[in-house]
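Structure record follows, encoded as structure tokens.
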4 protein chains.
Amino acid sequence: MTEDSAKQRILRAAEALFAESGFEATPTSRIAERAGVPKGLVHYYFRRKSDLLAALVAELPDARIEPAVVVVPGDLAGSLRGLVVELDRRFNRSLALSHLLWREADTHRAVRDALADRFQQLVRQVQAVIVAATGGKIAAADVDSASGLLARALSHRHATARHNDDEEDPAQIEREVLFIAEALTRGQ
Amino acid sequence: MTEDSAKQRILRAAEALFAESGFEATPTSRIAERAGVPKGLVHYYFRRKSDLLAALVAELPDARIEPAVVVVPGDLAGSLRGLVVELDRRFNRSLALSHLLWREADTHRAVRDALADRFQQLVRQVQAVIVAATGGKIAAADVDSASGLLARALSHRHATARHNDDEEDPAQIEREVLFIAEALTRGQ
Amino acid sequence: MTEDSAKQRILRAAEALFAESGFEATPTSRIAERAGVPKGLVHYYFRRKSDLLAALVAELPDARIEPAVVVVPGDLAGSLRGLVVELDRRFNRSLALSHLLWREADTHRAVRDALADRFQQLVRQVQAVIVAATGGKIAAADVDSASGLLARALSHRHATARHNDDEEDPAQIEREVLFIAEALTRGQ
Amino acid sequence: MTEDSAKQRILRAAEALFAESGFEATPTSRIAERAGVPKGLVHYYFRRKSDLLAALVAELPDARIEPAVVVVPGDLAGSLRGLVVELDRRFNRSLALSHLLWREADTHRAVRDALADRFQQLVRQVQAVIVAATGGKIAAADVDSASGLLARALSHRHATARHNDDEEDPAQIEREVLFIAEALTRGQ
DNA sequence: AATGAATGAGACTTCATTCAT
DNA sequence: AATGAATGAAGTCTCATTCAT
């Protein structure tokens with residue numbers, strides 16, 4: 001399944017090393033070393049070092065989740081929790097990737113744009129789930145605020161994934177989801 | 001106020017360039033150039049390049065705000081808005097700084113720790129304002145969720161300050177604050 | 001025989017320059033220049049400057065001479081002279097090398113150890129020749145004193161090879177050898 | 001007695017550090033540090049770094065020993081032993097100095113000349129003692145060989161003082177002195 | 001297709017020396 | 001007389017990239 005071609009091994013090594021030390025601080029020679037390939041091969045497949053970053057961006061998984069998959073009509077809290085679980089599942093493999101792209105967004109426009117896109121996608125995803133789970137009875141302004149807050153919280157969590165090695169209460173996000181769900185529905 | 005000593009000029013140049021291109025990608029020679037000082041002087045004041053980063057970390061403004069300054073008893077929304085405004089005012093000068101430290105947190109433990117500290121400080125700050133503005137009548141769990149959410153949203157906004165060239169809707173955070181305030185108080 | 005590869009040219013240039021000016025005072029750039037290779041190539045073959053020294057140490061010729069080659073049974077003076085001549089012949093090419101290693105022994109343990117080894121080898125060599133030439137009839141204490149003295153004299157001569165520009169009397173060592181030989185045998 | 005002026009402290013620090021790491025590898029800043037004086041003062045007293053070396057050379061103790069002090073007429077072995085003991089006593093304080101000058105002789109002519117002088121002085125000293133102790137009855141050629149050998153052995157011992165930290169049998173030189181004395185007198 | 005030798009620009013850093021005070 | 005801030009030349013070493021094979 002996961003190809004073990006030399007090219008793939010190079011990409012995986014680059015991903016790991018960029019995540020560990022950052023793009024600039026990672027020599028291509030070390031990528032070759034970690035991938036177990038001759039130094040020349042890295043530049044044979046990826047002429048410039050930045051091509052490696054471009055290839056990693058292209059690998060970002062799609063965040064588009066079919067609302068039907070996670071929505072339980074009438075149960076907003078459950079639906080949002082389902083969304084979070086599904087997102088985590090899908091991004092879990094690429095947490096390091098998310099984080100490293102985050103870091104390099106400043107200096108590489110392609111990376112920056114890809115991340116901005118993904119954040120917008122995330123916001124709309126949350127909105128869609130809220131609307132679908134509540135039958136569209138919530139005021140648009142509240143839907144926007146809630147989805148903005150939740151998207152930010154999720155994004156922040158991914159971006160800082162590497163910082164907080166240990167800490168970070170795993171139930172924390174759960175409670176925040178519940179808080180938002182109740183805030184949105186209590187008024188009804 | 002803002003000293004114009006050579007040392008200060010070096011620090012400001014480093015801050016700007018690190019923010020633009022990242023720590024690794026910024027040569028000390030360019031820092032000297034931008035500061036208008038000879039190359040040797042940079043290393044005279046900051047032996048190692050990383051000492052520049054350490055000096056910038058030490059400059060981070062204190063996020064501790066006296067609750068009394070922003071709290072309007074009975075008006076939670078107003079109080080939180082006041083807090084956000086005050087924080088923005090205080091951090092405005094150092095937005096670039098926040099962002100660059102955020103970027104370099106992975107590879108420099110001192111930076112990572114300073115940022116983690118500041119995030120905790122932020123969470124407690126929000127908690128304190130909520131409690132003070134509502135007279136402590138809100139359930140602890142809700143206070144935690146709300147302050148976690150808001151702290152993350154604020155932190156995320158600072159961290160991404162540089163990404164969204166096309167500026168963010170300034171009213172967005174305002175609406176999110178209101179949403180949280182209402183969520184906390186509507187139940188009362 | 002003497003390879004003319006770039007690597008060899010670098011080593012020869014390093015040897016000559018270290019001998020002329022010492023290890024610390026010789027820039028790698030000058031080594032490259034003298035060897036007629038680009039600056040980068042020096043560090044391609046020898047990552048650190050000290051690796052050049054290590055490579056030179058490894059080149060030291062073996063001082064182990066088969067006693068049979070120089071010993072004339074019954075003729076101690078002739079045997080010792082034969083040993084000296086053979087040693088000189090063998091070390092002649094590396095006189096500069098001996099001298100520079102001598103200089104750098106303080107600061108580079110590998111060099112120091114190599115030289116200490118070689119001195120011990122030299123002492124045993126002289127002992128072996130004395131014993132073989134005299135049929136083992138000399139008192140052990142005298143053999144030790146004589147070989148210690150001669151080894152030191154030889155070693156001193158190599159070590160100071162570069163100091164005495166105004167060459168040393170070449171017959172001097174010859175006479176000293178004779179003196180020792182007679183001292184050992186006169187008593188018999 | 002031993003002045004503790006700043007200038008003296010600088011010289012002592014330079015001596016120690018040059019001995020430890022060599023002239024080139026010792027920064028003047030470290031000399032100042034070890035001497036406990038401000039950096040500027042080193043260059044105030046010794047404008048160039050090499051002036052420090054020159055000052056150290058000028059400090060070399062005189063090796064000229066009045067033969068009468070050590071000679072016991074008729075006892076050559078005792079006389080030579082007396083000479084060695086007296087030389088050791090006198091040079092003991094400056095062993096490190098001898099050694100470091102020896103090291104730097106290649107690159108600093110003034111140092112080289114001073115050392116060559118001292119070696120000649122040493123040879124003549126040994127000759128004088130031999131002649132005085134034996135009443136001048138030894139053949140000139142033998143006196144030359146013997147004094148050459150002994151001077152070299154002594155010089156070698158000083159030059160290598162720092163190499164052989166531990167080893168080096170202290171009775172070794174004693175036995176070698178005895179060996180030479182007997183060689184010279186046995187024939188009589 | 002694949003490789004590793006080779007290159008040279010440029011990074012960080014050290015340091016002797018000067019100079020204003 | 002004494003100091004430490006300031007300078008810039010030069011040193012070691014790293015690295016992306018090219019190229020011949």
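Heavy atoms only: backbone and side chains are in, while hydrogens, waters and symmetry mates are out. All values derive from a computational prediction rather than experimental measurement.
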Can you tell me the base-pairing partner of F:dA20? Count Watson-Crick or G-U wobble geometry only, both distances below 3.5 Å, and say none if there is no partner.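 Paired with F:dA20, as far as the under-3.5 Å criterion goes, is E:dT3.
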With a 4.0 Å limit, can you tell me whether D:Arg48 has a side-chain N or O closer than that to the phosphate oxygens OP1/OP2 of E:dT18?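 So the side chain of D:Arg48 is within the cut-off, an N or O lying under 4.0 Å from OP1 or OP2 of E:dT18.
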Roughly how many Å is it from [atom1] in [X] to [atom2] in [N], rounded to a whole number?
X	N	atom1	atom2	result
A:Leu17	F:dC15	CG	P	12 Å
B:Tyr45	E:dT13	OH	C1'	18 Å
B:Phe18	E:dA11	CZ	P	13 Å
C:Leu41	F:dC15	CG	P	18 Å
C:Ile31	F:dA10	CD1	P	17 Å
B:Tyr44	E:dT17	OH	C1'	14 Å
B:His43	F:dG11	NE2	P	17 Å
A:Lys49	F:dC15	NZ	P	8 Å

Report the residue (C:Pro38 or D:Ala25) whose heavy-atom-nearest nucleotide on DNA chain E is the more 5′ of the two.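 The 5'-side residue here is C:Pro38.
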Give a yes-or-no answer on whether the side chains of A:Arg30 and A:Ser21 include a donor-acceptor pair shorter than 3.5 Å.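 A:Arg30 vs A:Ser21: no donor-acceptor pair found between side chains.
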Can you tell me how far CD1 of D:Ile10 sits from CG of D:Leu41, rounded to the nearest 0.5 angstrom?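 Those atoms lie 4.5 Å apart.
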Distance from A:Arg12 atom CZ to A:Arg34 atom CZ, nearest 0.5 Å?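 These two atoms lie 12.5 Å from each other.
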Go through the N and O atoms of the side chain of C:Lys39 and the base of F:dG11, and report whether any donor-acceptor pair is under 3.5 Å.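 Donor-acceptor pair under 3.5 Å: no.
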With a 4.0 Å cut-off on heavy atoms, is D:Thr26 in touch with a base, just the backbone sugar-phosphate, or nothing at all?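 Sugar-phosphate: the residue D:Thr26, judged by heavy atoms under 4.0 Å, touches backbone atoms but no base.
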Tell me whether the guanidinium CZ or amine NZ of B:Lys7 lies under 6.0 angstrom from the six-membered ring centre of B:Phe46 and within 45° of its axis.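 Yes, cation above the ring, under 6.0 Å and within 45°.
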Using the side-chain heavy atoms of D:Arg47, tell me which of these nucleotides is nearest: F:dA6, E:dT18, E:dT14.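 Comparing F:dA6, E:dT18, E:dT14 against the side chain of D:Arg47, the answer is E:dT18.
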Would you indicate which nucleotide in E:dA6, F:dT3, F:dG11 comes nearest to any side-chain atom of C:Ser29?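 The answer is F:dG11, which lies nearest to the side chain.
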First of B:Val37 and C:Thr28 reached from the 5' end of DNA chain F, by closest nucleotide: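 Closest to the 5' end, via its nearest nucleotide, is B:Val37.
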On DNA chain F, compare the nucleotides closest to D:Gly40 and A:Glu24; which residue's is nearer the 5' end?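 Comparing both residues, the 5'-ward one is D:Gly40.
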Relative to the ring of A:Trp102, is the ring of B:Trp102 parallel (under 30°), tilted (30 to 60°) or perpendicular (over 60°)?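 B:Trp102 vs A:Trp102 ring planes: tilted.
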